[in-house]
Student: 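Here you go, one structure.
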Number of protein chains: 2
Amino acid sequence: MKKNPAFPTSIEEFLEQGEQYYLPHLSIDCVVFGFHDGHLKVLLLQLSNTNEWCLPGGFIQHTEPVDDAAVRIVFQRTGLRNIYLRQFYAFGDPSRQRGKDKLQMPKGAKPNSWIMKRFITIGYWALVEFSKAVPIPDQFSSQCGWVNVTKIPRLILDHNSILDKALQSLRISLNDYPVGKDLLTEKFTMPELQRLYETILNKKLDRRNFQKQILSLEILERLKEKKQGGAHKSPFLYRFDGRKYQLALKKGLRASFA
Amino acid sequence: MKKNPAFPTSIEEFLEQGEQYYLPHLSIDCVVFGFHDGHLKVLLLQLSNTNEWCLPGGFIQHTEPVDDAAVRIVFQRTGLRNIYLRQFYAFGDPSRQRGKDKLQMPKGAKPNSWIMKRFITIGYWALVEFSKAVPIPDQFSSQCGWVNVTKIPRLILDHNSILDKALQSLRISLNDYPVGKDLLTEKFTMPELQRLYETILNKKLDRRNFQKQILSLEILERLKEKKQGGAHKSPFLYRFDGRKYQLALKKGLRASFA
DNA sequence: ACAAAAGTGTTAACCGTACACCCATGA
DNA sequence: TCATGGGTGTACGGTTAACACTTTTGT
């Protein structure tokens, strides 16, 4: 066995020697959600060799906790740390294999290379603040960017179903996790928060009832300032109250969006 | 590489050559729930060499869907097929490794044998009809039997937390899956069903409200017969109405137990 | 006859939903 | 001044939670 640095130093070494660094047959795929301009978006990569789209993903180092691997992967694609991540499902069909999807790795990954084998992938979704994220392609991709969840193209392998399942999981999570803190800027208006929930749930909500539901969680702080500049009446700005927020999370909150 | 039959033919071959048959670093652990005598129980194994307790588990064959592997594992430990199974979480801490828990495989598994490596395990819970299950130890265990969930001993590795998380997941699932069909005998009384829910939720429920909630799902059929023999007033027998049951599951039912 | 368990119905509290009015702002 | 969006409050209806009485059965 050859010398074993912490990370592969080239694509070639990665393809040839990946098993030295990573657990074989195992990957992580991340559905990174962002919210911008009234739309829910996810981070997608476009592969350099085939122009196909896929979810950002990666592998698990031999002594690395799986959760840490997910954190690392999101960091590598967005430059962001301290991200809210949730594991939602492990996908284990034997057809999850690059060869079966007519996918080839670039520049001659050997057909029996570790990366062409069957992979079981653990799905995580992540919430990031759109404006702070800097999408960075990985070594196999020509671009990394935000795509509106309503306009997802065909993705490789079973990545479309992974994305679907992530979205389902996110919807359910609205009831025990107030996603606004992670997806919006520090200060935001009630209509903005509502729009966020509406795009996640893909349905219209009543303005007044929404406000009551959210405020009843008692995790928001209304600021004196109002949002200036928009047409029409200026909405108040809100911010999550750090202390109350942590307390509520610890106690476990329960909303009922559906 | 040697000849590759479908399964290892001995414990020795299993320990030495397991990677020929199974995906390395990956396992499945199953929390098999049963209900008997008014108590919620889980299937546990006692290891022959150390007398420690653990959850029934197993490995994934190279071309086997993960879900199928879980089905196979439950079948091997209970003799039952067509079991309701749900994947609930993947546990991926690097300390999940037999060496780190002072665990040795019997009869000289080599320290660097595949089975001593780090494992990521995918957790499933299963619901089985207690009276039909025939607990069968695996090749490493001296016994396989039912243990009351309130009396779980210390288990190997992180199996205690796996069990906890399975129970949490089961509780949440009460709201979209009527577990009674799988856990009770074909005919059962309303008090029995209530007791089942109470032990899962670990709280008392109101008799009358419980009955209303359950009946409002419209998946039960009340039989003319009553349960004879008990002291006190004879309760009616119920049975799940196969057609209505399937329909309700397809439409997606929604209760609110908590 | 009595205790214990089971069947059934009623009421009050709460919550989700629907809805109306007023106000601020830029065009 | 008008259209649009935002802030606020109320009333209805359905669901959940609390609760009481009667019936059956074995002792």
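Letters A, B, ... are given to chains in the order of the sequence lines, protein chains preceding strands, and every chain is numbered from 1.
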Student: Indicate for each nucleotide in nucleotides 19-27 of chain D, in 5' to 3' sequence, whether protein heavy atoms under 4.0 Å reach the base (B), only the sugar-phosphate (S), or nothing (-).
Tutor: BB--BBBS-

Student: Does A:Glu218 pair with A:Lys244 as a salt bridge, N-O distance under 4.0 Å?
Tutor: no

Student: More than 12 heavy atoms of other residues, nucleotides or ligands under 6.0 Å from CG of B:Asn51: is that the case?
Tutor: yes

Student: When A:Cys30 is tested against each of A:Val71, A:Ile73, A:Leu43, A:Val42 for side-chain contact (heavy atoms from CB on, under 4.5 Å), which residue passes?
Tutor: A:Ile73

Student: Check the distance between D:dT16's P and B:Gln211's CD and give it to me in whole angstrom.
Tutor: 15 Å

Student: For A:Phe33, is the NZ or CZ atom of A:Lys41 found under 6.0 angstrom from the centre of its six-membered ring and inside 45 degrees of the ring axis?
Tutor: no

Student: Looking at B:Tyr245 and B:Ile219, what are the two nearest heavy atoms and their distance?
Tutor: CA-CG2, 3.9 Å

Student: On DNA chain C, reading 5' to 3', which nucleotide is the first and which the last to sit with an atom under 4.0 Å from a heavy atom of chain B, could you check?
Tutor: C:dA4 to C:dT10

Student: Would you verify whether the NZ or CZ of B:Arg81 falls within 45 degrees of the ring axis of B:Phe75 while also being under 6.0 Å from that six-membered ring's centre?
Tutor: yes

Student: Whole-Å distance between D:dG5 C1' and A:Phe210 CZ?
Tutor: 16 Å

Student: Is there a residue in residues 183-204 of chain B whose heavy atoms reach under 4.0 Å of DNA chain C, and which residues are they?
Tutor: B:Pro191

Student: Note the angle between the end axes of the helix from C:dA1-D:dT27 to C:dA27-D:dT1, five pairs defining each, rounded to 10 degrees.
Tutor: 0°

Student: D:dA17 P sits how many Å from B:Ile214 CD1, rounded?
Tutor: 13 Å

Student: Where is the tightest heavy-atom contact between A:Leu183 and A:Val128, given as atom of each residue plus distance?
Tutor: CD2-O, 3.5 Å

Student: Tell me which pairs pass side-chain hydrogen bond (donor to acceptor under 3.5 Å, both in side chains) where either residue lies in residues 146-157 of chain A, with sequence neighbours left out.
Tutor: A:His39-A:Asn148, A:Asn148-A:Thr150

Student: Output yes when A:Arg86 and A:Asp176 qualify as a salt bridge under the 4.0 Å nitrogen-oxygen rule, no when they do not.
Tutor: yes

Student: Applying a 4.0 Å non-hydrogen cut-off, can you work out what A:Gln213 is touching in the nucleic acid: base, sugar-phosphate, or nothing?
Tutor: nothing

Student: Side-chain donor-acceptor contacts of residues 188-199 of chain A below 3.5 Å, not counting sequence neighbours, with atom names and distances?
Tutor:
from: A:Thr189; atom 1: OG1; to: A:Glu192; atom 2: N; distance (Å): 3.2
from: A:Glu192; atom 1: OE1; to: A:Thr189; atom 2: N; distance (Å): 3.0
from: A:Glu192; atom 1: OE2; to: A:Lys227; atom 2: NZ; distance (Å): 2.7
from: A:Gln194; atom 1: NE2; to: A:Glu198; atom 2: OE2; distance (Å): 3.0
from: A:Gln194; atom 1: NE2; to: A:Leu205; atom 2: O; distance (Å): 2.9
from: A:Arg195; atom 1: NE; to: A:Gly38; atom 2: O; distance (Å): 3.3
from: A:Arg195; atom 1: NH2; to: A:Gly38; atom 2: O; distance (Å): 3.2
from: A:Glu198; atom 1: OE2; to: A:Leu205; atom 2: N; distance (Å): 2.9
from: A:Thr199; atom 1: OG1; to: A:Arg195; atom 2: O; distance (Å): 3.3
from: A:Thr199; atom 1: OG1; to: A:Leu196; atom 2: O; distance (Å): 2.9

Student: Run the side-chain hydrogen bond (donor to acceptor under 3.5 Å, both in side chains) test on B:Asp138 and B:Ser141 for me, step by step, so that the C-alpha distance in whole Å, both residues' side-chain angles and the decisive distance to 0.1 Å come before the verdict.
Tutor: CA-CA 5 Å; B:Asp138 66 17; B:Ser141 307; 2.7 Å; yes

Student: Salt-bridge test for B:Lys212 and B:Asp206: reply yes if a basic N is under 4.0 Å from a carboxylate O, no otherwise.
Tutor: no

Student: Any idea which heavy atoms bring A:Leu157 and A:Ser95 closest together, and the distance?
Tutor: CD2-O, 4.2 Å

